Amino acid sequence: MSEVIKLRKGLNIKLKGGAEKALEKLPVPATVALKPTDFPGLTPKLSVKPGHKVKAGDALFYDKYHPEILYTAPLGGEVKSVNRGERRKILEVVVEVDKDAGEAAFKKGDPKKLSADEIKEQLLKSGLWPFIRQRPYGIIPSPDKKPRAIFVSTFDTAPLAADNSFVLENQMETFQKGIDALSKLTEGDVHLGVNGDSPFAGVKNVKTHQFSGPHPAGNVGVQIHHVSPVIRGEVVWTVNVQDVLFIGRLFENGKVDFTRVFALAGSEVEKPKYYQTVLGAPVASVTDGRLKKADYKQRIISGNVLTGTRVKPQNYLGFYDTLVSIIPEGDEYELLGWATPGVDKFSASKTFLSKLFPKKEYELNANLHGGERAFVLTDQYDKVMPMDILPVFLMKAIMANDIDKMEQLGIYEVIEEDVALCEFVCTSKIKWQDNLRNGINTMIKELG
């Protein structure tokens, strides 16, 4: 293993309600859903209609501009509904689960003995291709392009994040098969980001890099920046840890297995721990009966509190998420507000007395404490951005729609999760993540 890459900049947000390392297997949900809105830049075309019977691994929709990229059913059953939004935009395809629906069959085998084309064909047909994402832009890559390298971060430093070492316990052989398959898809290397005494340090056929430091040290974008930054004309791919497992299972068993472990965590959870269910399961199947106050106003987030999506119990879990965070809504009146000493308040700028207790965990809510204001120039972004880019000037270039400046200032290197802390500490309440995605969309439209 190479020397440790130590990151000094960043911010750890210590929230109450971390998940205990205990796993409970949930019953098969009554319905599952795939949401095209989980995939930036996707224009979906339906492969099914309500009433159609599907097996696990059958296509529900595909990419209009890359019809070979399929999005497949996590479980078999009958297509219950196709829910749409404004201008008939497809929001989700819901499948009513039938345990006897069966599973689509795919070719299994040792990835080491298969060609890159055979592996690619299997990933496309099975619906596993969307688990691969491209940098720049954080979009699903075109199958006809080869990446310079593939990066996998094995740890997550976001608040309340799942511990991947626990999640993948006794599944390292399957993980290795997924890595072997990915290694065939690039002419370069598969890079593995690890921290501390990680069980992933023993994975073969990879280049391992050890990182230490506060969040966002676990972000794959930060790791790419410090190992081999992305420049114009280059493409690298990234894959999440549990998604590598999906790929390994495909070649082990010849079928899709979208079983996923979620951490249910947060100050509003009765007993935070891990739950095993399936990708696209209803939020209620994970949260019902497990929250402290059923009649209390709570914010349910599919994902972490910095980058996740607000959901309701009747909604479905996100395609890439491995965490469900529950925090107070925070819409009640607060006596004296900012004028209190702030012993129980978290502050990135250390303006409250809570700075005297660095190991304290906090019960933070979803209150923004005000709306967007004038863009004030400070060094607050630089303190939480462990990358050699100028975040203030990048944001100004995005707001001005200046493509040349965006390119020069590093937009190829970042997606929403990489600037989430900038949004969290922003005095001006700038919507960093939304603005960045708008800038990325402009880059895709103008430069491809």
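Please read these numbers as outputs of a predicted model, since none were measured by experiment.
Heavy-atom minimum distance, P272 versus G18: CB-O, 3.5 Å.
Looking at K16, its side chain never comes within 3.5 Å of a backbone N or O of G266 through a donor-acceptor pair. Judged by distance alone, the side chain of D288 and the main-chain N or O of S285 form no donor-acceptor pair under 3.5 Å. Of the possible donor and acceptor atoms, none in the side chain of Y320 sits under 3.5 Å from a partner among the backbone N and O of N240. A distance-only check finds a donor-acceptor pair linking the side chain of K292 to the backbone of S267 [under 3.5 Å]. For the pair N219 (side chain) and G221 (backbone), a donor-acceptor distance under 3.5 Å is absent.
Side-chain rings of W432 and Y381 approach one another, their centers coming within less than 6.0 Å. Between F246 and F258, the distance separating the two ring centers is shorter than 6.0 angstrom. Proximity of the aromatic rings of Y71 and F39 is defined here by a centroid distance below 6.0 angstrom, and this criterion is met.
When side chains are defined from C-beta on, F251 does not count as touching D110, because their heavy atoms never get closer than 4.5 Å.
Side chains of T307 and Q433: a donor-acceptor N/O pair is absent below 3.5 angstrom, by distance only. In the model, E407 has a side-chain atom that pairs as donor or acceptor with a side-chain atom of Y412 under 3.5 Å.
For the pair R249 and F175, the cation does not sit on the ring face, since its NZ or CZ is not both under 6.0 Å from the ring centre and inside 45° of the axis.
Each of W129, F151, F131 was compared with W237 under the ring-ring contact (aromatic ring centres under 6.0 Å, His included) criterion, and only W129 meets it. With H215 as the partner, the side-chain hydrogen bond (donor to acceptor under 3.5 Å, both in side chains) test is satisfied by one option alone out of N12, T157, N304: T157.
Heavy atoms of other residues, nucleotides or ligands lying less than 6.0 angstrom from NZ of K429 number more than 12.
Atom CD of Q134 sits about 11.0 Å away from atom CD1 of I415, to the nearest 0.5 Å.
Electrostatic pairing of E24 and K271 does not count as a salt bridge here, judged by no charged N lying under 4.0 Å from a carboxylate O.
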